[in-house]
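Residue numbers start from 1 in every chain, and the chains themselves are labelled A, B, ... in the order their sequence lines are given, proteins ahead of strands.
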Amino acid sequence: MINVAFTDNIQRHVECPPCAVTGSNVREVLDAVFETNAKARGYVLDDAGAVRKHMNVFINGAQIKDRTNLSDPVPDGASVYIMQALSGG
Amino acid sequence: MSDQMFVATRKGLFRIDRTGSGWSVGATAFLGDSVTMVLPDQRDGSVYAAVGHGHFGAKMHRSTDNGESFEEIATPAYPERPENVEPIRHPYKDMEIPWSLELIWALEAGGEDETGVLWCGTLPGGLFRSGDHGASWQLNESLWNEPTRKEWFGGGYDYPGIHSICVDPRDTNHITIGISCGGSWQTNDGGDTWVCRSDGMYAEYMPPEMRGVGHIQDPHRVVHCPGHPDALWTQHHNGVFKSIDGGRNWSDVTAIKPSKFGFAVAVHPYDPNIAWFVPAVKDEHRIPVDGKVVVARTRDGGHSFDVLAEGLPQTHAYDLVFRHALDVDETGSRLAFGSTTGSLWCTSNQGDSWETISANLPPIHAVRFVGV
């Protein structure tokens, strides 16, 4: 299983409790999360399915490289953190 | 006259009510968040608000209790880009024009006889229609696929954007829109086909050979007179333009004073010869002329202008008024406008005198009266 947690800042707009899902890459993991929390999708990804410009996704503390196709592999047991980027100072 | 208005700001939405003791804030929503547009829809009393979250993207909300509470509804979303369609690159900057929603910049109701129909203008240049009170949105593919779109570009923003949508009350299939910088466009068939209607406008920011090209014009705001929809006014980057033939031809209104630059324009609801502007020092400065906030009003179709200052700050005032931040009510007597420094003024005599409603609101994006 993959443990997924969200930034506190997103909770003001859409409830995103921590969850455990399956998936072998970022796309599969996020699809699984949004399958049960459809409203959250548009807060994390843009219309084209890419990570929003001012959002970040980390796997075990390392930022993902592919923000467009979300192809970074996610090992079983990993922790995925969905954060907002520190933008604007 | 209208005794209520909504004010969309950089840090929230405010409903301003007029009671026996004057104007005051009657309701707030989205405090701390940027509200980029608001639409009080007088056909059914709904209020629509577009919120632009810096991190989480643009979102749309609807209120059915006059702004006391809001519920998130569908956000206009660009359909998936077909594999055989290459992304468009900005014509003058080394960047790609995104195929996704950046900002909700315009929101208008459809006709009186089509409750639930909404039109939404966005950055990077897509026009959306909803037929169900915003429960779903469809991109207008015809305009999005318009070949000249590859030459549109952003003015203040990096990407082109649709800021003005005028639905003809005589025929709701007849719609005029304004794009910065893509000119003025018109459809006569509900959006199936579009034609550029910028003849007469000129672009001093382009090389001489391109000054008259229609689809690179920068109309900052396009409005029509609801009672005479063939009369349109435009505050353009390079001046004020007027059309009396439904946008087919635009004439340069040179009598505007104290300057020809600005963003906002409002036209009287049934007298097409009366229009208001809030001029500023041209593009590289964007401050009031001589630090004095004034409104320019014409009552003779642009042949002459009154410069209205009574009740407005006349010393060291640096308020800029964005394109959606000036509105006139259905009577044509009451107007309000708000500024980038959070001032909000109102008149009940067509601008002869103004009162300050607030000097401490967040930077104001849009001001819209509720219908009477």
- Checking Pro79(B) against chain A: side chain, backbone, both or neither under 4.5 Å from a heavy atom? neither

- Task: Answer whether the closest heavy-atom distance between the side chains of His54(A) and Phe56(B) falls below 4.5 Å.
- Result: no

Crowding at [atom1], [X] (>12 non-hydrogen neighbours, <6.0 Å):
{"X": "Tyr81(A)", "atom1": "OH", "value": "no"}
{"X": "Arg67(A)", "atom1": "CZ", "value": "yes"}
{"X": "Glu96(B)", "atom1": "CD", "value": "yes"}
{"X": "Asn360(B)", "atom1": "CG", "value": "no"}

- Query: Does the side chain to side chain contact (heavy atoms under 4.5 Å, CB included) test come out yes or no for His13(A) and Val51(B), once each step is laid out?
  - Reply: CA-CA 11 Å; His13(A) 308 291; Val51(B) 182; over 6 Å; no

- Query: So, does Lys59(B) use its side chain to make a donor-acceptor pair with the main chain of Gly42(A) at under 3.5 Å?
  - Reply: yes

- Message: Checking the side chain of Asp47(A) only, and the main-chain atoms of Tyr78(B) only, is there a donor and an acceptor separated by less than 3.5 Å?
- Response: yes

- Message: Going by the rule side chain to side chain donor-acceptor pair (under 3.5 Å), which residues pair with Asp158(B) if we only count those two or more places apart in sequence or in a different chain?
- Response: Lys93(B)

- Query: Looking at residues at least two apart in the chain, or sitting in another chain, which of them share a side chain to side chain donor-acceptor pair (under 3.5 Å) with Trp99(B)?
  - Reply: none

- Task: Take Arg52(A) and His55(B) through the test side chain to side chain contact (heavy atoms under 4.5 Å, CB included) and record every step on the way to the result.
- Result: CA-CA 7 Å; Arg52(A) 289 196 173 280; His55(B) 294 83; over 6 Å; no

- Roughly how far apart are His53(B) NE2 and Arg12(A) CZ, rounded to 0.5 Å? 7.0 Å

- Task: For Ser100(B) and Ala48(A), work out which heavy atoms get closest and say how close.
- Result: CB-N, 4.3 Å

- Heavy-atom proximity to chain B below 4.5 Å, by part of Ile10(A): both

